[in-house]
J.: 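Please see the structure below; I have some questions.
Remember, predicted model here, so these are calculated numbers, not experimental data.
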Amino acid sequence: GIATLRRWQASQPHWLDALLAVVVFVASVWGPLSGGGPHHGHHGAVLDVLTIGLLAVAAGSMIVRRSHPLGVWAVALVVAVVVIVHNGEPTAAVVPTFVTLYTVGTRAPLRTTVLVTLATAVAYAAAVTAANSAPGEHALSLFALTSAAAAVGVAVRSQRDAIEAAEARARQAEATREEEAERRVTDERLRIAQELHDVVAHHISVINVQAGVARHLLDEQPDQARAALGLVREAGRTVLAEMSTVLGLLRTGEDETPTQPAPGLDQVPALVETIGRAGLVTTWKVTGEPYRLTELPDLTAYRIVQESLTNALKHGAGSADLLIDYRPGTVVVVVANPVAEGSATSSTGGHGLVGMRERVASMGGRFSAAPGPDGSFAVRAEIPRGRES
């Protein structure tokens, strides 16, 4: 089909130009087009050796017309002028010039194409005048034909440029869509990783601490060991339930909605009670006038409290201070705890701190986590309130 022909043309341009050269040569020397016949002027069209040789040179130059359009045009023009002067009238020797003018129009700037067209018209007018002593209708016809050939070339070039621009825009749009899709996938993977970490890490920490307590007290204080194992079982049941919720959300279709609301600051009392039973004594207070946050800021604030208290349980000395400060535009969460001896805590390392920092940054807030001058470790997050829906 046409698409196959275009692909072959693009892959074999010299073969196509060689075929074009043969066609141009045949058209130039063929009797009806060459001007031969018994009824022409006093000179007539003389297809002698000189004329045929010149036409062969002009047609043969077509093979390199794509790489040297101006050079091929100059050769074709010189041949046409010589043949016109030799024969006394315009013959089909002008055919190579029309082809080269088309090529110049498709490959050269518009200014160059206009200058080449004018030069061709002037050269033809001069040649016809020299051969016939007056330009006559032949000069006007040649000017019209040269202008038409160049105009067709310019039009084809404009169409090609428009198609290439459209294809470039389409490729850019496709690349942008792929980049956006990759970004969304990355963001979703990060969100899932944060949720899994926040859901699992807290309860696994409780299980780890209480399992250690149960092992230590199993022989000497079996009742307390039994209570610790009860907390382990409760934490295990809770983490399984929350994992089921998270996995259910991952399988939820776009038209479905989760059956349970995401946790928020209203669940902080239950969180403090749970982690208190695991062994962390938490002193907490709320300042400012409490208000309801939108869903994502509320979830972010809850996760900050949850992760900070979990870290205090794992790395602290058994106590923590929690402050939730409701300000007009933001909620400030501060968790500080003394650090146990030998515990390594970094303000930049660990998935928990990284996850908290990313969560707060995604809300447009500010986050810091660093040791204090009194030897305690403090986490501070400022979370924008969010707009009411």
J.: Would the distance check show the side chain of Asn337 and the main-chain N or O of Gly318 forming a donor-acceptor pair, the cut-off being under 3.5 Å?
T.: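 It does not hold such a pair.
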J.: Which atoms form the tightest heavy-atom contact between Ser376 and Val339, and what is the distance?
T.: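 In this case the closest contact between Ser376 and Val339 is C-CG2, 4.3 Å.
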J.: Which pair of non-hydrogen atoms, one from Ala320 and one from Leu309, has the smallest distance, and what is that distance?
T.: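 Closest approach of Ala320 to Leu309: CB-CD2, 4.1 Å.
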J.: Rounded at 0.5 Å granularity, tell me how far CD in Glu295 sits from OG1 in Thr300.
T.: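 The distance works out to 10.0 Å.
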J.: How far does CG of Leu110 sit from OG of Ser158, to the nearest 0.5 angstrom?
T.: 8.0 Å
J.: Would you compute the distance between atom CZ of Arg292 and atom CG of Asp266 and round it to the nearest 0.5 angstrom?
T.: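 Result: 6.0 Å between the selected atoms.
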J.: Counting distance only, does the side-chain N/O of Thr112 pair as donor-acceptor with the main-chain N or O of Ala108 below 3.5 Å?
T.: no
J.: Would you kindly confirm whether Val78 and Val122 end up in one hydrophobic cluster when ILVMFWY residues are joined by side chain heavy atoms under 4.5 Å apart?
T.: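 No; Val122 is not reachable from Val78 via cluster members.
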J.: If you measure from the Lys or Arg side-chain nitrogens to the Asp or Glu carboxylate oxygens, is any gap between Arg380 and Glu382 under 4.0 Å?
T.: yes
J.: Establish whether Trp73 and Tyr124 are linked, either directly or via other cluster members, by ILVMFWY side-chain heavy-atom contacts under 4.5 Å.
T.: yes
J.: Between the side chains of Thr103 and Arg65, is a donor N or O closer than 3.5 angstrom to an acceptor N or O?
T.: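 Note: Thr103 and Arg65 side chains meet the donor-acceptor criterion.
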J.: Under 4.5 Å between side-chain heavy atoms, hopping through other hydrophobics if needed: is there a path connecting Tyr102 to Val95?
T.: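 Hydrophobic grouping puts Tyr102 apart from Val95.
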J.: Taking all heavy atoms of Gly153 and all of Thr106, pick out the closest pair and write down the distance.
T.: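 Of all heavy-atom pairs spanning Gly153 and Thr106, the closest is O-CG2, 3.3 Å.
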J.: Does CZ in Arg366 sit with more than 12 non-hydrogen atoms of other residues, nucleotides or ligands closer than 6.0 Å?
T.: no
J.: Please walk me through it: do Leu296 and Met363 pass side chain to side chain contact (heavy atoms under 4.5 Å, CB included)?
T.: CA-CA 8 Å; Leu296 285 179; Met363 295 289 102; 3.9 Å; yes
J.: Using side-chain heavy atoms (C-beta onward) and a distance below 4.5 Å, is Val334 in contact with Asp325?
T.: no
J.: Measure across Ala150 and Thr113 and return the closest heavy-atom pair with its distance rounded to 0.1 Å.
T.: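 Answer, listing the atom of Ala150 first, then Thr113: CB-CG2, 3.9 Å.
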J.: Evaluate the side-chain proximity of Val268 to Val286: yes if any heavy-atom separation is below 4.5 Å, no if none is.
T.: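 Sidechains of Val268 and Val286: no contact.
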J.: Between Ile275 and Thr282, is there a side-chain heavy-atom distance shorter than 4.5 Å?
T.: yes
J.: Would the distance check show the side chain of Ser61 and the main-chain N or O of Ala58 forming a donor-acceptor pair, the cut-off being under 3.5 Å?
T.: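 Side chain of Ser61 to backbone of Ala58: a pair is present.
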J.: Could you pull out the closest heavy-atom pair between Ala369 and Val379, with the gap in Å?
T.: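 Ala369 and Val379 have their closest heavy atoms at CB-CG2, 4.1 Å.
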J.: In sequence, state the C-alpha distance, the side-chain angles, and the governing distance for Val335 and Phe377, and then conclude on side chain to side chain contact (heavy atoms under 4.5 Å, CB included).
T.: CA-CA 8 Å; Val335 179; Phe377 189 83; over 6 Å; no
J.: With rounding to the nearest 0.5 Å, note down the distance linking CD1 in Ile52 to CG in Leu54.
T.: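 Rounded to the nearest 0.5 Å, the CD1-CG separation comes out at 10.5 Å.
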J.: A side-chain contact here means heavy atoms from C-beta on lying under 4.5 Å apart; do Val116 and Leu101 qualify?
T.: yes
J.: Look up atom OG1 in Thr176 and atom CD in Gln172, then write down how far apart they are to the nearest 0.5 Å.
T.: 4.0 Å
J.: Could you tell me which non-hydrogen atom of Ala21 sits nearest to which non-hydrogen atom of Ala59, and how far apart they are?
T.: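 Ala21 and Ala59 have their closest heavy atoms at CB-O, 3.0 Å.
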J.: Does atom CZ of Arg183 have more than 12 heavy-atom neighbours from other groups under 6.0 Å away?
T.: yes
J.: Given the rule in the side chain to side chain contact (heavy atoms under 4.5 Å, CB included) test, do Leu322 and Val333 qualify, once you have shown the distances and angles that lead to the verdict?
T.: CA-CA 7 Å; Leu322 167 63; Val333 175; 4.2 Å; yes
J.: Is there a chain of hydrophobic side chains (I, L, V, M, F, W, Y, each step under 4.5 Å between heavy atoms) that links Val281 to Ile324?
T.: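 Different hydrophobic clusters.
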J.: Determine whether a donor-acceptor pair (N or O, by modelled atom type, separation under 3.5 Å) exists between the side chain of Ser362 and the backbone of Arg359.
T.: yes
J.: CG/Leu265 to CG/Asp298 distance, rounded to the nearest 0.5 angstrom?
T.: 5.0 Å
J.: So do the side chains of Trp284 and Pro269 get within less than 4.5 Å of each other, counting heavy atoms only?
T.: yes
J.: Just checking, is any N or O donor in the side chain of Arg303 or Gln306 under 3.5 Å from an acceptor N or O on the other one?
T.: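 Looking only at side-chain atoms, Gln306 and Arg303 do form a donor-acceptor pair, the distance falling under 3.5 Å.
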J.: By the definition side chain to side chain contact (heavy atoms under 4.5 Å, CB included), identify the one residue from Thr310, Ile304, Asn311 that meets it with Ser308.
T.: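 With Ser308 as partner, Thr310, Ile304, Asn311 yield a single side chain to side chain contact (heavy atoms under 4.5 Å, CB included), made by Ile304.
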J.: Please evaluate residues Leu271 and Tyr302 with respect to the criterion side chain to side chain contact (heavy atoms under 4.5 Å, CB included), reporting the C-alpha separation (whole Å), side-chain torsions for both, the decisive distance (0.1 Å), and the verdict.
T.: CA-CA 9 Å; Leu271 175 63; Tyr302 175 83; 4.0 Å; yes
J.: Do you reckon Leu50 sits in the same ILVMFWY cluster as Val83, going by side-chain contacts under 4.5 Å, direct or chained?
T.: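 Leu50 clusters together with Val83.
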J.: Just so I know, are the side chains of Ile383 and Phe367 near enough to count as touching, which here means a heavy-atom distance under 4.5 Å?
T.: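 Sidechains of Phe367 and Ile383: no contact.
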J.: Taking the ring of Tyr291 and the ring of Tyr326, is the distance between their centroids below 6.0 Å?
T.: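 Judged by ring-centre distance (under 6.0 Å), Tyr326 and Tyr291 do meet the cut-off.
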J.: Regarding Glu164 and Arg160, does a basic nitrogen lie under 4.0 Å from an acidic carboxylate oxygen?
T.: no
J.: Does any part of the side chain of Pro297, heavy atoms only, come nearer than 4.5 Å to the side chain of Val331, both counted from C-beta?
T.: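 Of all side-chain heavy-atom pairs linking Pro297 with Val331, none is under 4.5 Å.
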J.: Does Glu174 come within less than 4.0 Å of Arg171, counting only side-chain N to carboxylate O?
T.: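 No.
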J.: Mind checking whether Val72 and Met62 have side chains closer than 4.5 Å, heavy atoms only?
T.: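 In contact.
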